[in-house]
Structure formats: structure tokens, C-alpha cells
Amino acid sequence: MSKINSIGILTSGGDAPGMNAAIRAVTRAGIFAGFRVFGIFRGYKGLILDEIEEFSTQNVSNIIQRGGTILKTARCKEFTTPEGRQCAYDVMKRRGIDALVVIGGDGSLTGARIFGNEFSLPIIGLPGTIDNDLYGTDSTIGYDTALNTIMECVDKIRDTATSHERLFFVEVMGRDAGFLALNGALASGAEAAIIPEISMQVDQLGELIGHGFRKSKNSSIVLVAESPVTGGAMGLAQRVKEEYPDYDVRVTILGHLQRGGSPTAFDRILASRMGAAAIDALLDDQRNVMIGIRNDEIVYVPFTKAIKNEKRVNPQKLEVLRRLSI
Ligand code: F6P
């Protein structure tokens, strides 16, 4: 394999807290290893348009604590076409960039896999998404911060829910995955979680909530994962209102505030370790792998597995939630 002298780093897809900590780690570990490091702005779009700047260690000073991504991010249609990827490759050749580190979720790593195979490029992925939906890693960068944000928001909603004796449906992100909803529910002591992985009927839900009300609880909170499968918080609230007109129902959609904020210690440490591991992987001649963490150990997960295999929610957690919501 040809020797790597220069690497490019980009963030792509939805931003996630901890991406900056990862950029810092890749840059510094890369420079430490003797590489030239190039920051690529606006994801694959910036690669195609040559929005690239060489980074020194100073470029990544004072960013470990910042949410978002200093490299900006984008979702790029052009990169899904062979012509777009050819442009990106030409820019890399012209700039002398031999390898890429891509920080992003499912879609970003899918792009990386295709690009890497097409041009035999060494590409390492870091799982950067609040959704935690990538197979082969216990956690993705940004997930823990988003989970803590959800917990803090639900704590606040509970104050008003309790005062008014209301039933709240709180919708959280996750795209097609229920990790944020299920673990957010456990962390905030919610009465139930509606997640796309497990179907729940309105009558089951009504019974569960009614049981709580009867048992002297004066409010209930249900976390709902955004997804066409769950119908979202609005849809569910509507159905429950029709079936149980006595309940005083309200809906809160947490939305993009879940993506912001300073990363937790967990995410900063995870991003730092994963960023350094991306450089180790390149030195180790690894290609087309995502860095994962399992049982506190760094692992290499082939892109195909990370993207295609389904990461399952732990059904025991739902069972615990059910038992504790009486
Ligand atoms: O993948 C991260 C995520 O925040 C999902 O949870 C959500 O469905 C989606 O991105 C929202 O995307 P956008 O920022 O384009 O609205």
C-alpha cells in the first residue's frame, strides 16, 4: 500500500456534540504521527468544491468543549453520483490528500464506503450521530450528550405536568431508532417509551397510563421516538385524545435542541479516543472501517457491517421501564 503523508478530515450529515472533540483528536494525533492534516469544510460538498485548509494544532485549540462542528456540515446530493465522487477524487489528488477521516452517521459512512471502494482510498469512519444507530459500537459520538439534554428537558416538563395533572407526549429524535426515546424514558422516570422497534397499541398505552393515574400519580410522561412507525407524538396524542377524552393531553417536540450544547465528559473522552484510534487505524493499514467502542475497548468495524447490520435495542430495558412505571 502506498505511504500516507496527508490526510483530510470532514464532518457530514447531522451535527452531533463531540464532533469538535473528534476533529481535535484526529488533527493532533495525525500531526503527532507526522501527517499533514487538512480540514475539509461542509462535508463532501466542500471536498467537491475544494473548500480545504491545512490545519495546525492551533486550528483545533479551544474546541473540545464546543457543540456543533467547526468544519460545518452538509448533506450532499452530488456525492451520491459517480460524477460528483470523481470531482472529489480529483480534488484529493490535486491537493495530495492520501486518506480521509469521515465523521458522521449512516449516510455519511455509506458515502465513504462507496468512495473508498471506487478509488481504492484509505478511509476511516468515526460514528458521529446523536441517534446511536450504528452497528458495532456501544455508543456513537453525541448520543450521550443528547440523552442528557432529553433528561434535563423532561425533568422540566415534569414540573408543569405534575402541577396541571397532565399527560405529556414528548417526541425525541432518533430517525428510525428508539435508543434516545427508550434510554431517555429510563433516565427521566417516564411512564412509557414508544419506539419504532416495538409496536404498542393505543389501548395498551391508555391502560398503562390509566394504571399510573389510578395509582395516585397525578401526571404521566410518554417519550415517543420520531418515526413514521410510531406516528410521532402528535399522531399518538390525537389517537389517545379520541379514545380517552378525559385525559388532559399536551405534546412537546424537543427537535433540534437535542443536537446542540457542550458535549458531556463521556462524549469528549469517546471522541478523543476514537479520533486517536482513526490515526492508529491508518498507520495499521486499515481501510474502510469505522472505529467503534465495545466494553471500553476500541474496535474496527467494517463499513458494511456498521451500516447494514441492525443495532438492536435491549428489550430488558423496556421491561425495566414497564416495571418501574407502576
Ligand atoms: O441523524 C440525526 C438527526 O438529528 C435525526 O435524529 C433526525 O431525524 C435528523 O437528523 C434531522 O435532520 P435535519 O437536521 O436535516 O432536520
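If you're wondering where the values come from, they're calculated on a predicted model, not measured in any experiment. Every number for a ligand or one of its atoms is a count from 1 in the order of the listing.
The nearest protein atom to atom 10 (O) of ligand 1, hydrogens excluded, is given as Arg259 NH1, 3.1 Å; this is a heavy-atom distance. Of all protein heavy atoms, the one lying nearest to atom 2 (C) of ligand 1 is Asp131 OD2, 3.3 Å.
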Test log, rule salt bridge (charged side-chain N to carboxylate O under 4.0 Å, His left out), inputs Arg322 and Glu319 = CA-CA 5 Å; Arg322 198 179 67 78; Glu319 173 54 18; 3.3 Å; yes
Apply ring pair (Phe, Tyr, Trp, His ring centres under 6.0 Å) to Phe115 and Tyr44, showing your working.
-> CA-CA 11 Å; Phe115 190 46; Tyr44 295 120; 7.1 Å; no
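For the residue pair Arg36/Ser56, the side-chain donor-acceptor check at 3.5 Å is not satisfied. A donor-acceptor pair shorter than 3.5 Å cannot be found between the side chains of Ser6 and Arg95. Counting only N and O atoms by type, the side chains of Asp267 and Tyr143 include no donor and acceptor under 3.5 Å apart.
Residue contact annotation: Gln258 has no non-hydrogen atom under 4.0 Å from ligand 1. Between Gly174 and ligand 1 there is a heavy-atom distance shorter than 4.0 Å.
The contact set between ligand 1 and Arg75, taken as ligand atoms under 4.0 Å from a residue heavy atom, comprises 10 (O), 12 (O), 13 (P), 14 (O), 15 (O). Interface of Glu226 with ligand 1, defined as ligand atoms under 4.0 Å from a residue heavy atom, comprises 5 (C), 6 (O), 7 (C), 8 (O). Near His256, meaning under 4.0 Å from one of its heavy atoms, ligand 1 places the atoms 13 (P), 14 (O), 16 (O).
Note: Asn59 CG to Ile31 CD1 = 8.0 Å, rounded to the nearest 0.5 Å.
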